[in-house]
2 protein chains.
Amino acid sequence: MHPVSPEREAREVPLFLQIREILAQRIGSGTIGIGGRLPSERELAAELGTARMTVREALRMLEGEGLIYRAERRGYFVSPARLRYDPTRHVNVMRLIPSQGHVAEGIYLGRQLTRATGSLALMFGCQEGAPLILERSVAVMNGRRIEYGEHFLLEEAIPGYLDFPYESPLTQTLERRHGIRTKMIGFRTRPTNLFGIPTEALEVRAGSPGLYITRIKQHGGRVIEVDREYWLSDALEIVVGQFPNPHEA
Amino acid sequence: MHPVSPEREAREVPLFLQIREILAQRIGSGTIGIGGRLPSERELAAELGTARMTVREALRMLEGEGLIYRAERRGYFVSPARLRYDPTRHVNVMRLIPSQGHVAEGIYLGRQLTRATGSLALMFGCQEGAPLILERSVAVMNGRRIEYGEHFLLEEAIPGYLDFPYESPLTQTLERRHGIRTKMIGFRTRPTNLFGIPTEALEVRAGSPGLYITRIKQHGGRVIEVDREYWLSDALEIVVGQFPNPHEA
DNA sequence: GAGTGGTCTAGACCACCAA
DNA sequence: TGGTGGTCTAGACCACTCC
């Protein structure tokens, strides 16, 4: 190990960070409450005597921190407390949201037939090209779309699945209808910027900060379901194991 | 559940996304290899016949996806494969890096005495104001600073700790020197934009995308260590449980 | 139709890095 | 010392939302 590294010179704080600070304080102090709308970019620029792009940089900062979110072309709003989400547990998103005091709504985007390729085949541990069923959906919390999900099912492992329409939640449906009780065996997650299909489904700007989660579910010794979830970054935090909840204390 | 939502109109793809695509292809095809440097913002702008800010937007996109990273005022570089990190296991970062074929280096930033307040007191389950020891460090992978860590220790639970200098790795030191074998009981993580102390320690621009991780460690039925880690977003992915490794397949 | 964010331009000056 | 990214300005036009 090295000894202490040299301290950096103190520099003047950039303007956009000063603006970030001003806005963060207005939010923290409750001047703008949860769900409240911030002034428009142009209003803030005029008020603070700066250019619009500088204000945007500050807003982008707060968005990346999860303090605020954008509603496309409608404005910036203060984010509610993050959903606490444990991907190792088998809780359905549509049940998680109301369990933490929010209003949940689901949007079903339809079913597709596809085939296992690349990393999907690897995760299923099946042949390349094996038939898969894909169910797509969006989770809505308090009227805001926060998660786009793709659920891949190994067709040959769930005979008769295609004879029925989609029913939420998927896990319960598999158990009740097909006698299959899946078990979560692992997940993987990384931050990313969203674009393409997820941003279209979530109705947000391409480039919005997000969290990508992959989950693997097993039954009878083999993988029968792989989920890919794209969350808006400010909407959740991942909590695994024993962790005190600051909102209960 | 709602029926299928109406498809959005196809829109013209914004210029910065087209540029993102061009650069992503150059990276994916190996035209610019791992660790390779991208042309400068001005060069790209000239080559593509656009303004510098538009190029920056594309580069910011790729940075948020983790495909590239910035070295402050030195340029943009192609990111290596993400470190696979399981926070539920008790692997020290300085051992994790070499175990995945990279060169690790540690920078020790020193020790401070502090007190448990707010969420720290909550996580320790101790009185507000209880004395804590704070050890600060930075992890370097292949010459790049990728993680800034704060390790809080409950002073009264580790008698004599202050009589010795810091020794890495902390977990092994606690066991060998004090007979304390800690146990990871939970972690929490969320994406965020870094600024302040973490960005200074990591020598990156304020606003760089990052991942914040808190870990709690127990011994003898009580929490004795809380870690706060700030990772550069592109440097890792979190993998918990059984998950096939695409690099081994 | 007024207002919003989304995109884009064409500059500027600065601090910092490498040579 | 020349080139880099970091910051900032002052506009522009557009698609879209809400009224």
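Residue numbers begin at 1 in each chain, while the letters A, B, ... track the order of the sequences. Just so it is clear, the values below take in all heavy atoms, side chains as well, and ignore hydrogens, waters and symmetry mates.
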Quiz item: Below 4.0 angstrom from OP1 or OP2 of C/dC8, is there any side-chain N or O of B/T50?
Solution: no
Practice problem: Determine: side-chain N/O of B/S40 to OP1/OP2 of D/dG3, distance under 4.0 Å, yes or no. | Solution: no
Exercise. Return the value, rounded to whole Å, for the distance between atom CE of B/M61 and atom P of C/dG6.
Key: 13 Å
Quiz prompt | Interatomic distance where CD belongs to A/E12 and C1' belongs to C/dC16 [whole Å] | solution = 16 Å
Exercise. Would you mind telling me which of B/L134, B/V226, B/T114 makes a side-chain contact (heavy atoms from CB on, under 4.5 Å) with B/L120?
Key: B/V226
Quiz item: Side-chain donor or acceptor of A/R74 under 3.5 Å from a matching atom on the base of C/dG5?
Solution: no
Exercise. Send over the distance from A/E203 CD to C/dG5 C1', rounded to a whole Å.
Key: 15 Å
Self-check item: cation_pi(A/R144, A/Y69) dist<6.0 Å, angle<=45
Solution: yes
Quiz item: OP1 or OP2 of D/dT7 less than 4.0 angstrom from a side-chain nitrogen or oxygen of A/T54, does that happen here?
Solution: no
Self-check item: Selected nucleotide, minimal atom distance to A/R52 side chain, candidates D/dT9, C/dT7, D/dG5
Solution: C/dT7
Quiz item: Do any side-chain nitrogens or oxygens of A/R73 fall under 4.0 Å of OP1 or OP2 in D/dC14?
Solution: no
Quiz prompt | Selection from C/dT4, C/dC8, D/dC8 that lies nearest to any side-chain heavy atom of A/M53 | solution = C/dC8
Quiz item: Looking at the rings of B/W231 and B/Y85, which for Trp means the six-membered one, are their centres under 6.0 Å apart?
Solution: yes
Exercise. Report the residue (B/P39 or A/L15) whose heavy-atom-nearest nucleotide on DNA chain D is the more 5′ of the two.
Key: B/P39
Quiz prompt | Separation of atom CD in A/E57 from atom P in C/dT7, rounded to whole Å | solution = 14 Å
Quiz prompt | Interatomic distance where CD belongs to A/E41 and P belongs to D/dC14 [whole Å] | solution = 18 Å
Practice problem: Would you indicate which nucleotide in D/dT9, C/dG5, D/dG6 comes nearest to any side-chain atom of A/A51? | Solution: D/dT9
Quiz prompt | B/I97: which of B/M141, B/E147, B/E105 passes side-chain contact (heavy atoms from CB on, under 4.5 Å) | solution = B/M141
Exercise. Quick one: do A/F16 and A/R56 satisfy side chain to side chain contact (heavy atoms under 4.5 Å, CB included)? Show the steps, please.
Key: CA-CA 8 Å; A/F16 79 90; A/R56 275 178 76 82; over 6 Å; no
Quiz prompt | For atom CZ of B/R42 and atom C1' of D/dT7, their distance in whole Å | solution = 11 Å
Quiz item: Rounding to a whole Å, what distance do you find between B/R60:CZ and D/dG5:P?
Solution: 14 Å
Practice problem: Grab the CG-P distance between A/L59 and D/dT7 for me, whole Å please. | Solution: 16 Å
Quiz item: So does A/R70 get a side-chain nitrogen or oxygen closer than 4.0 Å to the phosphate oxygens (OP1/OP2) of C/dG6?
Solution: yes
Quiz prompt | Closest listed nucleotide, where the reference is the side chain of B/R205 and the choices are C/dG6, D/dG5, D/dT7 | solution = D/dT7
